[in-house]
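Structure first, then comments.
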Amino acid sequence: MTLQTHRTERSSGCREATAEDREVFRYARCIRVSKRMRWNLEEVIKGRSFDPADSFLPDGFTKVSEFPRLSAEEKRVVSQIQGRTYANMFGVLERYVNAKVLELSKDHWFGDQTKLEALVRFSDEEIKHQHLFRTIEDLMAATMPDGYRFTPKPNAVARMVLSKSTWAVLGLTLMVEIVTQAHYRESIATEAELSPLYKDVFHYHWMEECQHAILDELEWRREDQKLGANDREAAVDELVELALAIDRILQDQAKADTEYFLRIVNRVTAKDESEAIANGFLTAYRWQYIFSGAENAHFVKVVKELTTAAQMQRFASALQSLN
């Protein structure tokens with residue numbers, strides 16, 4: 001069913017729209033917005049490079065209040081390091097997202113072609129986003145001092161995530177893609193002093209992620225309808241396992257970024273200060289990639305609708321253990 005036929009049936013009064021009609025309309029709307037928002041890499045980069053004097057992420061985002069005794073210059077360094085990791089992290093996560101979307105598209109091969117088109121577009125955009133993040137990694141590497149290490153390996157992360165049930169994978173995916181929207185709207189977009197190129201990268205990324213989050217939720221709800229009570233119980237446990245696995249990745253990257261920061265600033269730091277800096281990076285990363293998504297009002301609403309109170313509490317308790 002196309003968007004046009006759906007509209008015709010509703011406006012003609014031939015019949016009242018069914019739940020299926022309304023669902024197809026949401027997939028169709030994602031297609032329509034995807035076509036309108038379509039962009040290419042050249043439109044984003046415009047031949048620009050990063051300015052070493054610019055910050056990438058605002059202070060409230062980087063949680064620099066958790067870092068001890070930083071100068072203004074050192075806060076800028078934290079912003080650039082976390083901004084580089086932020087872009088790389090989403091590039092890694094989109095590797096597994098694309099694989100899962102392609103897998104989900106099989107369910108629609110011989111079904112509703114509007115749903116299939118929406119997921120094909122989703123996949124195409126995720127591949128483009130990975131290319132975007134690889135490109136700006138090269139640009140940031142050309143600007144920042146040598147020695148930065150990004151520890152996660154895209155294929156290893158993708159294999160780890162995809163080893164879990166589709167229900168758990170879609171839960172993690174919705175959490176991650178809600179994060180990208182909230183971060184851009186509430187923090188990156190509103191900060192005037194950030195790198196113009198960095199802001200543009202996440203503006204264009206946000207434009208397409210809005211549709212992706214809608215499709216994530218639709219597919220998660222569709223998957224949820226297939227599960228019995230025992231399967232859902234196991235799937236909730238797997239969602240917890242995925243959240244904790246992401247945290248282990250963040251711990252490794254926080255350690256690597258701390259070492260890079262201390263090398264760049266090139267000053268003597270006492271053991272307690274170095275530990276506080278490491279804790280600052282980890283606190284920021286846990287907020288950026290886990291808590292700001294898991295505590296998002298819409299994400300909480302969806303999880304509550306798909307789980308029992310006990311399952312919801314189990315998920316919440318696992319995250320609280322990270323504090």
Side-chain angles (χ1 to χ4, degrees), residues 84-109 119-138 148-180 205 208-209 212-213 215-220 222-224 226-227 230-257 282 285-286 288-290 293-294 299 303 306 314-315 318-319 321-322:
R84 188 171 178 178
T85 289
Y86 188 75
N88 282 323
M89 185 65 73
F90 283 110
V92 162
L93 294 175
E94 286 177 344
R95 180 73 59 91
Y96 93 76
V97 172
N98 185 59
K100 177 54 70 173
V101 169
L102 288 172
E103 179 186 312
L104 292 170
S105 73
K106 292 182 180 180
D107 291 348
H108 305 295
W109 282 3
L119 293 183
V120 169
R121 285 182 169 275
F122 186 164
S123 172
D124 176 59
E125 289 164 357
E126 291 290 77
I127 291 174
K128 180 176 63 177
H129 295 175
Q130 291 180 57
H131 186 195
L132 172 65
F133 290 131
R134 288 194 298 270
T135 299
I136 67 165
E137 162 56 25
D138 291 341
Y148 172 85
R149 290 188 302 114
F150 186 66
T151 60
K153 304 302 181 187
N155 288 337
V157 173
R159 289 190 179 98
M160 179 275 294
V161 174
L162 295 172
S163 70
K164 307 302 182 183
S165 66
T166 294
W167 190 97
V169 172
L170 287 172
L172 177 68
T173 306
L174 179 61
M175 185 175 79
V176 166
E177 292 185 328
I178 281 179
V179 158
T180 65
H205 183 249
E208 293 181 336
E209 289 297 317
H212 297 181
L215 294 170
D216 290 333
E217 182 180 340
L218 287 167
E219 289 293 313
W220 193 16
R222 185 175 68 84
E223 179 66 20
D224 184 73
K226 302 176 184 178
L227 301 188
N230 291 338
D231 289 336
R232 189 174 293 101
E233 188 73 9
V236 171
D237 287 339
E238 289 186 328
L239 179 57
V240 169
E241 291 169 9
L242 286 175
L244 297 180
I246 295 298
D247 187 70
R248 289 191 292 274
I249 290 171
L250 300 180
Q251 291 181 48
D252 289 343
Q253 190 61 40
K255 180 179 179 181
D257 287 351
L282 182 55
Y285 291 162
R286 282 174 166 168
Q288 289 166 16
Y289 305 104
I290 297 177
F299 180 76
V303 176
L306 300 186
R314 194 159 74 246
F315 179 65
L319 298 187
S321 70
L322 302 179

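Values reported hereafter were calculated over all heavy atoms of this structure, with side chains retained and with hydrogens, waters and symmetry mates removed.
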### Task
Begin with the C-alpha distance, continue with both residues' side-chain angles, and end with the deciding distance and a verdict on side-chain contact (heavy atoms from CB on, under 4.5 Å) for F90 and V176.
CA-CA 9 Å; F90 283 110; V176 166; 3.7 Å; yes
### Task
Evaluate side-chain contact (heavy atoms from CB on, under 4.5 Å) for L93 paired with V161, printing each intermediate quantity in order.
CA-CA 9 Å; L93 294 175; V161 174; 5.8 Å; no
### Task
Quick one: do I290 and L250 satisfy side-chain contact (heavy atoms from CB on, under 4.5 Å)? Show the steps, please.
CA-CA 10 Å; I290 297 177; L250 300 180; 3.9 Å; yes
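Under the salt bridge (Lys or Arg N to Asp or Glu O under 4.0 Å) criterion, D124 pairs with R38, sequence neighbours left out. Checked against salt bridge (Lys or Arg N to Asp or Glu O under 4.0 Å), R248 has no partners two or more places apart in sequence or in another chain. The ring pair (Phe, Tyr, Trp, His ring centres under 6.0 Å) test applied to F150 returns no partner, not counting sequence neighbours. In this structure S165 satisfies the side-chain contact (heavy atoms from CB on, under 4.5 Å) test together with W167, A168, A235, E238, sequence neighbours excluded. V97 is linked by a side-chain contact (heavy atoms from CB on, under 4.5 Å) to V101, F122, E126, T173, E177, counting only residues two or more places apart in sequence or in another chain. The side-chain contact (heavy atoms from CB on, under 4.5 Å) check on V303 picks up W220, F299, T307, M312, with sequence neighbours excluded. Listed by chain and number, the residues in a side-chain hydrogen bond (donor to acceptor under 3.5 Å, both in side chains) with Q251 are D247 (sequence neighbours excluded). Residues passing the side-chain hydrogen bond (donor to acceptor under 3.5 Å, both in side chains) test with Y86 are H183, sequence neighbours excluded. In terms of the salt bridge (Lys or Arg N to Asp or Glu O under 4.0 Å) criterion, residue partners of E219 (sequence neighbours excluded) are, by chain and number, R222. Looking at residues two or more places apart in sequence or on another chain, you find a side-chain contact (heavy atoms from CB on, under 4.5 Å) between T151 and R149, D252, Q253, A256.
No donor-acceptor pair closer than 3.5 Å links the side chain of S123 to the backbone N or O of L119. Within the 3.5 Å criterion, the main-chain N or O of V236 finds no donor-acceptor partner in the side chain of R314.
Once rounded to the nearest 0.5 Å, the distance linking OG1 of T85 with CG of D257 reads 3.5 Å. Note that OG1 of T180 and CD of E209 are 4.5 Å apart. Values are rounded to the nearest 0.5 Å. Taking CG from L242 and CE from M160, the interatomic distance works out to 6.0 Å, rounded to the nearest 0.5 Å.
Among pairs with a residue in residues 151-171, those fulfilling salt bridge (charged side-chain N to carboxylate O under 4.0 Å, His left out) read K164-E241, at least two apart in sequence or across chains. Evaluation of the salt bridge (charged side-chain N to carboxylate O under 4.0 Å, His left out) test over residues 87-105, restricted to residues two or more places apart or in two chains, returns K100-E103.
Counting all heavy atoms, side chain and backbone alike, F315 lies closest to A243 at CE1-CB, 4.5 Å. Residues L239 and G171 come closest through the heavy atom pair CD1-C, 4.0 Å. Residues L227 and R232 share a closest heavy-atom pair of O-NH2, 3.3 Å. Between L244 and A318 the shortest heavy-atom distance is CD2-O, 4.1 Å.
K128 has no carboxylate O lying under 4.0 Å from a charged side-chain N of E125, or vice versa, which leaves the two without a salt bridge.
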